[in-house]
Structure formats: C-alpha cells, structure tokens
**Q** 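Structure below; questions to follow.
Numbers here simply count residues along the sequence, with the first being 1. What you see below is based on every heavy atom in this structure, not just the backbone, and it leaves out hydrogens, waters and symmetry mates.
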Amino acid sequence: MAAQVFNTMPFSLLYHKYMIPVSNEVTSMVLSYVEEKTNGRPLDMALDVGCGTGRYTLPLAPHFKKVLGIDICDSQINVAKRYNTANNVSYMVASAERLPVENNSVDLVSSGLAAHFFTIDKFVNESVRVLKTNGCLAAHGYHPSSEIEYRDLSHGLNTVMSEMWDTLCQQAYTTGLSEAADHMLNQYHTIYETIDLKDKKWIKDIPVKYQMSISEIFGFARSLCTCQILLEKNEKEAKQLLAQTDKRAWIERICHTSTC
C-alpha cells in the first residue's frame, strides 16, 4: 500500500516540497562514523537506499566521488532526477533487497526515513555484500519527539504536531503500516537488533530541531504516507484531521499575537 502511494507523481512532488528538512545533525553523525571506520581513506562511493526524491542523497555529494540513489518507485526517482544539482549524483529504480552494485564497491550504504519499509534481513545481507572492508551501513528515521521551531510559537506548534502524530500512529494500525509505525516509534531499535553485525551502534533521542512555518507544518502533514493512505481509505476523517491541525496551528498564532 505504501509503495502505491509513493509511486504517484502528485504525492512525490508534495513529498519533495514538504517532508521534514534534512537533519544536518544526523548527516554529520553518519559522516563522522564513516571517517572513523575508514581511517580517513578517500571515499569513492555512497549508496542511498530508499532515496525517495533525493533529499538525503544530495548532502552526501561533497563527501564522495560518486553517489547513487535508488528507490523502488518510479515517480520518486523522476522527481529526484528533476531536482538533482550535483554532477556526481545519479539515480535509478531498484529495490533495497537487490542492490544494483558490485561486491565490495561501496564505502557507505545509507537509508534515511526508509528502512522501516524494507525486508531488513535481505537489505542487510545485500549491504554486507556491496560494502568494502570497514565500510558502513547507516539507517535513520524520524521520531515524533523531534521539535519544530517557528518564531515564538514553538511550544504551541509542537503540541499541535504531537496530537496529530498520536492520531496518525493510531491510524497506521488500521492502514497496513503497523510494522513501519512500530519501527519509527521505537527509534529503529528492532531494526538495530536484527542487524547481525558485531561492530554496530544504536543512537537514540538525537536532539533535532526543524525550522518550519505554519504552512510548512500543514504541508508536512499532507506529505506523510499514513495521511495519504487515510485519505484514500477514509477521505472524510483524513480531511477533518488536516483541517483540525491547520486550525489549531493558526489559533496558536492568533492567540500568541493577541496574548490571549
């Protein structure tokens, strides 16, 4: 069901525009870990798996000679190609369970906001196959505890977002996304435990703050896969949730402006 939602051009464009900004904190952590494990050797290639529209692919470009982003959805890859701004970045349609690169050829296999949709054991086996000696596998997701910053409205807007997350997480269990939701809510710990590698590290509660306006918050809500599936299954309920989120956000702004 999720793949069907992602594989439409209107949603892919919406996702590219409004999905949460790239986390510089997470990107820096991943790159520091890679540099530590590779002892500062020149980094030839990074593979971004489940790259979507390339939002987490492009930040890798300055650090590798070549970066390949793959995704199973045609429309996501088409949008990624449209907005590609790096000469050393390319994209292609491929699955996480069958990586389209040679053995022992990759310095970093990265997956941002996507591993909760993979068949993890197959993805890990493929990652081990393509990674060089001391190469790194990094998977990171989004946790609802991340904070939004917007002028002096941050506290109220985070309350609004928390309530929306609670509703969408409940809906995930009725829209076929229960496993993905569990992975996100436990901060990928289940995925971490599944990875049968001795040298590994699980980092949780990374303090990430996103700068988002009220209109961007509303757009972000619509860019969530769970919300789109809910729109298809129960359009009335989904629109009520979006309208309520938008209304609450604007009330927070009006109340703050008038000090009510």
**Q** With sequence neighbours left out, write down each residue that passes side chain to side chain donor-acceptor pair (under 3.5 Å) with Ser23, or none if nothing qualifies.
**A** Glu25
**Q** Under the side chain to side chain contact (heavy atoms under 4.5 Å, CB included) rule, collect the residues that match up with Ser28, sequence neighbours excluded.
**A** none
**Q** Tell me the closest heavy-atom pair linking Ala114 and Val49, and the distance in Å.
**A**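 Here Ala114 and Val49 meet closest at CB-O, 4.1 Å.
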**Q** Roughly how far, to the nearest 0.5 Å, is the CZ atom of Arg129 from the CG atom of Asn103?
**A**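 Those atoms lie 5.0 Å apart.
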**Q** Is the backbone N or O of Leu99 less than 3.5 Å from a side-chain atom of Glu126, with the two atoms forming a donor-acceptor pair by type?
**A**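 Here the side-chain-to-backbone pair exists.
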**Q** Within a radius of less than 6.0 Å around NZ of Lys122, do more than 12 heavy atoms belonging to other residues, nucleotides or ligands occur?
**A**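 No, the 6.0 Å shell around NZ holds no more than 12 heavy atoms from other groups.
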**Q** Sequence neighbours excluded, which residues qualify as side chain to side chain contact (heavy atoms under 4.5 Å, CB included) partners of Met9?
**A** Leu13, Ser75, Asn78, Val79, Arg82
**Q** Looking only at heavy atoms, which two atoms of Thr53 and Ser12 are closest? And how far apart?
**A**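 In terms of heavy atoms, the two residues are closest at CG2-O, 3.6 Å.
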**Q** Using a 6.0 Å cut-off, check whether atom CG of Asn87 has over 12 heavy atoms from anything other than its own residue.
**A** no
**Q** Could you pull out the closest heavy-atom pair between Phe6 and Cys73, with the gap in Å?
**A**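 Smallest interatomic distance, heavy atoms only, reads CB-SG, 3.7 Å.
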**Q** Output all residues satisfying salt bridge (Lys or Arg N to Asp or Glu O under 4.0 Å) with Asp48, sequence neighbours left out; order by chain, then residue number.
**A** none
**Q** Do Thr194 and Val124 come close enough that some side-chain heavy atom pair is under 4.5 Å?
**A** no
**Q** About how many Å separate CD1 of Ile191 and NE2 of His116, when rounded to the nearest 0.5 Å?
**A**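 If I round to the nearest 0.5 Å, the distance is 8.0 Å.
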**Q** For Arg98, give me all partners under salt bridge (Lys or Arg N to Asp or Glu O under 4.0 Å), at least two apart in sequence or on another chain.
**A**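 Counting only residues at least two positions away or on another chain, Arg98 forms no salt bridge (Lys or Arg N to Asp or Glu O under 4.0 Å).
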**Q** May I ask you to list the residues sharing a hydrophobic cluster with Trp202, side-chain cutoff 4.5 Å, ordered by chain and number?
**A** Tyr192
**Q** State whether the side chain of Lys37 and the backbone N or O of Cys136 hold a donor-acceptor pair below 3.5 Å, judged by distance alone.
**A** no
**Q** Apply salt bridge (Lys or Arg N to Asp or Glu O under 4.0 Å) to Lys204 and list each qualifying residue two or more places apart in sequence or on a separate chain.
**A**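 Partners of Lys204 under the salt bridge (Lys or Arg N to Asp or Glu O under 4.0 Å) test: none.
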**Q** Please enumerate all residues that pass side chain to side chain contact (heavy atoms under 4.5 Å, CB included) together with Ser90, with sequence neighbours excluded.
**A** Leu68
**Q** For a 4.5 angstrom cut-off between non-hydrogen side-chain atoms, does Ile120 reach Thr190?
**A** no
**Q** Do the side chain of Glu97 and the main chain of Thr119 share a donor and acceptor less than 3.5 angstrom apart?
**A**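 Checked: pair present.
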**Q** So, the side chain of Asp107 versus the backbone of Val34: is there a donor-acceptor pair under 3.5 Å, distance only?
**A** no
**Q** Assess, by modelled atom type and distance only, whether the side chains of Tyr188 and His140 contain a donor and an acceptor separated by less than 3.5 Å.
**A**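 His140 and Tyr188 do not have a side-chain donor-acceptor pair below 3.5 Å.
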**Q** Can you give me the closest heavy-atom contact between Ser105 and Glu102, atom names plus distance?
**A** OG-O, 2.6 Å
**Q** Shortest non-hydrogen contact from Cys51 to Ile77?
**A** SG-CD1, 3.7 Å
**Q** Shortest non-hydrogen contact from Asp71 to Gly50?
**A** OD2-C, 3.3 Å
**Q** Looking at Asn84 and Ala80, would you say the former's side chain and the latter's main chain have a donor-acceptor pair under 3.5 Å?
**A** no
**Q** Could you list the residues that satisfy salt bridge (Lys or Arg N to Asp or Glu O under 4.0 Å) with Glu216, not counting sequence neighbours?
**A** none
**Q** Would you indicate whether the side-chain heavy atoms of His16 and Arg55 approach each other to under 4.5 Å?
**A** yes
**Q** Excluding sequence neighbours, so at least two apart, what forms ring pair (Phe, Tyr, Trp, His ring centres under 6.0 Å) with Phe118?
**A** Phe123
**Q** Once rounded to the nearest 0.5 Å, what's the spacing between atom NZ of Lys66 and atom CG of Leu47?
**A**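 Here the interatomic distance stands at 10.5 Å.
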**Q** Find the distance between CG (Asn125) and CD1 (Ile195) and round it off to the nearest 0.5 Å.
**A**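 Nearest 0.5 Å value for the CG-CD1 distance: 11.0 Å.
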**Q** I'd like to check Arg41 versus Lys132 (side-chain heavy atoms, cut-off strictly below 4.5 Å). Are they in contact?
**A**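 They are in side-chain contact.
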**Q** To the nearest 0.5 Å, how far apart are CZ in Phe117 and CD1 in Ile72?
**A** 12.0 Å
**Q** Could you give the distance from CG (Asp199) to NZ (Lys201), rounded to the nearest 0.5 Å?
**A**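 If I round to the nearest 0.5 Å, the distance is 8.5 Å.
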**Q** For Tyr18, which residues count as a side chain to side chain contact (heavy atoms under 4.5 Å, CB included) partner, sequence neighbours excluded?
**A**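 With neighbours one apart ignored, the set is Leu14, Arg222, Ser223.
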**Q** Hey, is the main chain of Ala139 close enough, under 3.5 Å, to the side chain of Ser111 for a donor-acceptor pair?
**A**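 Side chain of Ser111 to backbone of Ala139, a donor-acceptor pair under 3.5 Å: no, none is there.
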**Q** Taking Tyr15 as the starting point, is it possible to reach Tyr83 by hopping between hydrophobic residues whose side chains are less than 4.5 Å apart?
**A** no
**Q** Do Leu113 and Ile20 have side-chain heavy atoms sitting under 4.5 Å apart?
**A** yes
**Q** So, using ring pair (Phe, Tyr, Trp, His ring centres under 6.0 Å) as the criterion, who are the partners of Tyr33 when residues are at least two apart?
**A**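 Listed in chain order: nothing, the list is empty.
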**Q** Could you check if a side-chain atom of Leu31 sits within less than 4.5 angstrom of a side-chain atom of Leu60, using non-hydrogen atoms only?
**A**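 In short, these two side chains touch, coming nearer than 4.5 Å.
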